[in-house]
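Data block below; observations after.
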Amino acid sequence: MKQIKLFATALLAISSLALVSCGNAKKSHDPNRKEISVGFSPGPYSDLFKATIQPALEQKGYNVKLVEFTDWVTPNLALANNEIDANIYQNTLYRQNFSDTKGVDLTAAFPVPTAALGLYSHTYKVQDIEELKANLKQGDIVSVPNDAVNLARSLRFLRSIGLLTIKSTVDDQQATENDIDENPYGLKVVPLEAAQLPRSLDGSALSVIPGNYVISSGLKLSSAIVGETLPPELFIWFVVHTEDADAQFVKDAKEAYESEDFKNYFENPENDFDGFQRPQWYVDKWNIENK
């Protein structure tokens with residue numbers, strides 16, 4: 001019986017490893033390959049890619065596969081393991097932290113229009129941050145992403161809108177809820193898995209939610225009490241294995257993002273990208289400023 005249990009345990013472990021591989025074979029690093037797969041976490045970037053970039057690449061003879069993940073870790077592991085060719089879901093701070101902690105070699109090729117994080121609430125129906133401050137109650141819960149990069153980012157955001165401060169002795173790029181200094185509104189900061197944040201609005205007074213999870217949950221970016229103004233390092237990037245940094249598919253994808261077809265689709269108000277922020281190359285190319 002003990003041997004049977006050991007065999008069953010080993011079989012389960014093997015099955016789990018097979019699931020982690022996402023069913024993808026290892027990719028070659030042929031710089032001119034025409035079979036490519038691109039990974040996404042939940043959110044708008046796969047929809048935007050599917051509507052604009054995929055058709056442009058297919059017109060150039062590519063066979064493009066989109067791979068949807070449910071978290072922020074697996075897409076980078078799959079890319080590092082050469083199971084996918086690129087992913088579009090992370091900012092450069094997250095990528096650098098992931099590369100440093102996991103020992104993987106990934107390169108950010110170019111930034112794309114990005115949905116910023118924002119402060120959301122089902123509890124407080126207010127028009128702006130000042131009205132919110134006038135109504136906050138001691139002990140109100142504010143849920144934030146629990147990964148290291150976006151937790152610190154959320155605390156910097158809450159600091160920027162005057163809800164708390166971070167200890168001056170702490171690197172604010174690495175701050176956690178334990179590093180909050182002044183907390184004049186008595187907020188209770190609760191880190192959660194990012195995908196859970198929209199659902200947490202039913203039990204939290206406030207939530208700081210990254211833009212991709214806002215959209216994937218059915219919320220609108222415009223419903224934020226206040227949104228983040230993105231610095232360059234927090235835009236979402238087209239990320240590849242470093243060996244592919246100069247591959248032709250990267251150049252062709254960049255060309256597709258810089259095309260007039262992409263601009264026309266993105267700027268069409270019917271496609272609801274109004275709350276996105278444009279990277280500097282986009283602003284310069286099309287002379288369209290962020291709102």
Side-chain angles (χ1 to χ4, degrees), residues 20 22 24 27 36-54 57 64-102 104-118 144-154 192-198 208-219 221 228 230-242 244-245 249-250 253-254 256-257 262 266 273 275-279 282:
V20 168
C22 305
N24 292 319
K27 297 284 185 178
I36 63 170
S37 55
V38 184
F40 300 87
S41 65
Y45 303 105
S46 60
D47 293 336
L48 189 55
F49 186 92
K50 191 182 303 182
T52 59
I53 308 306
Q54 185 175 3
L57 291 175
V64 183
K65 178 183 178 183
L66 276 63
V67 183
E68 298 279 357
F69 297 91
T70 59
D71 67 310
W72 281 358
V73 175
T74 315
N76 270 349
L77 294 178
L79 182 55
N81 290 332
N82 300 320
E83 294 167 354
I84 59 176
D85 299 284
N87 63 44
I88 307 171
Y89 80 102
Q90 64 190 306
N91 59 56
T92 53
L93 289 182
Y94 182 88
R95 178 195 55 79
Q96 189 60 58
N97 178 267
F98 192 95
S99 295
D100 292 345
T101 58
K102 303 293 185 183
V104 298
D105 195 12
L106 306 178
T107 291
F110 56 87
V112 302
T114 298
L117 62 70
V144 298
N146 66 357
D147 68 276
V149 169
N150 286 295
L151 171 55
R153 173 187 178 185
S154 297
L192 297 174
E193 184 72 29
Q196 305 301 319
L197 292 170
V208 180
I209 310 177
N212 62 318
Y213 286 107
V214 172
I215 294 172
S216 66
S217 71
L219 294 171
L221 295 172
E228 177 187 43
L230 287 177
E233 65 271 16
L234 292 182
F235 276 88
I236 299 300
W237 286 66
F238 187 96
V239 174
V240 297
H241 200 285
T242 297
D244 287 328
F249 79 86
V250 180
K254 185 173 185 289
Y257 273 103
F262 177 84
F266 182 77
F273 294 108
F276 280 56
Q277 293 190 43
R278 302 160 185 82
Y282 188 108

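On a predicted model such as this, the values are computed, not experimentally measured, just so you know. Values below: all heavy atoms of this structure, side chains included; hydrogens, waters and symmetry mates excluded. Numbering starts at 1 and runs along the sequence shown.
- Between the side chain of Glu228 and the backbone N or O of Ser154, no donor-acceptor pair lies under 3.5 Å.
- When the side chain to side chain contact (heavy atoms under 4.5 Å, CB included) test is applied to Asp71, the partners found at least two apart in sequence or on another chain are Phe69, Val73, Thr74, Pro75.
- In this structure, Tyr282 has its ring center under 6.0 Å from that of Phe266.
- Shown here are the salt bridge (Lys or Arg N to Asp or Glu O under 4.0 Å) partners of Lys254, two or more places apart in sequence or in another chain: Glu258.
- One N or O on the side chain of Arg95 and one on the backbone of Leu106 form a donor-acceptor pair closer than 3.5 Å.
- The backbone N or O of Val240 sits nowhere less than 3.5 Å from a side-chain atom of Asp244 that would complete a donor-acceptor pair.
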Decide side chain to side chain donor-acceptor pair (under 3.5 Å) for Trp72 and Tyr213; before the verdict, give the C-alpha distance in whole Å, the side-chain angles of both, and the deciding distance to 0.1 Å.
CA-CA 11 Å; Trp72 281 358; Tyr213 286 107; 3.1 Å; yes
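- In this structure, Thr242 contributes its side chain and Asp105 its backbone to a donor-acceptor pair below 3.5 Å.
- Applying the side chain to side chain contact (heavy atoms under 4.5 Å, CB included) rule to Thr114 yields the partners Tyr45, Leu230, Phe235, Ile236; only residues at least two apart in sequence or on another chain are considered.
- Defined by atom type and a distance below 3.5 Å, a donor-acceptor pair is present between the side-chain atoms of Asp147 and Asn150.
- Under a 3.5 Å cut-off, the side chain of Thr92 and the backbone N or O of Glu233 do form a donor-acceptor pair.
- Between the side chains of Tyr94 and Asn76, no donor-acceptor pair is found at a separation under 3.5 Å.
- When each of Pro198, Pro44, Pro210 is paired with Ile215, the side-chain contact (heavy atoms from CB on, under 4.5 Å) condition holds for Pro44 and for no other.
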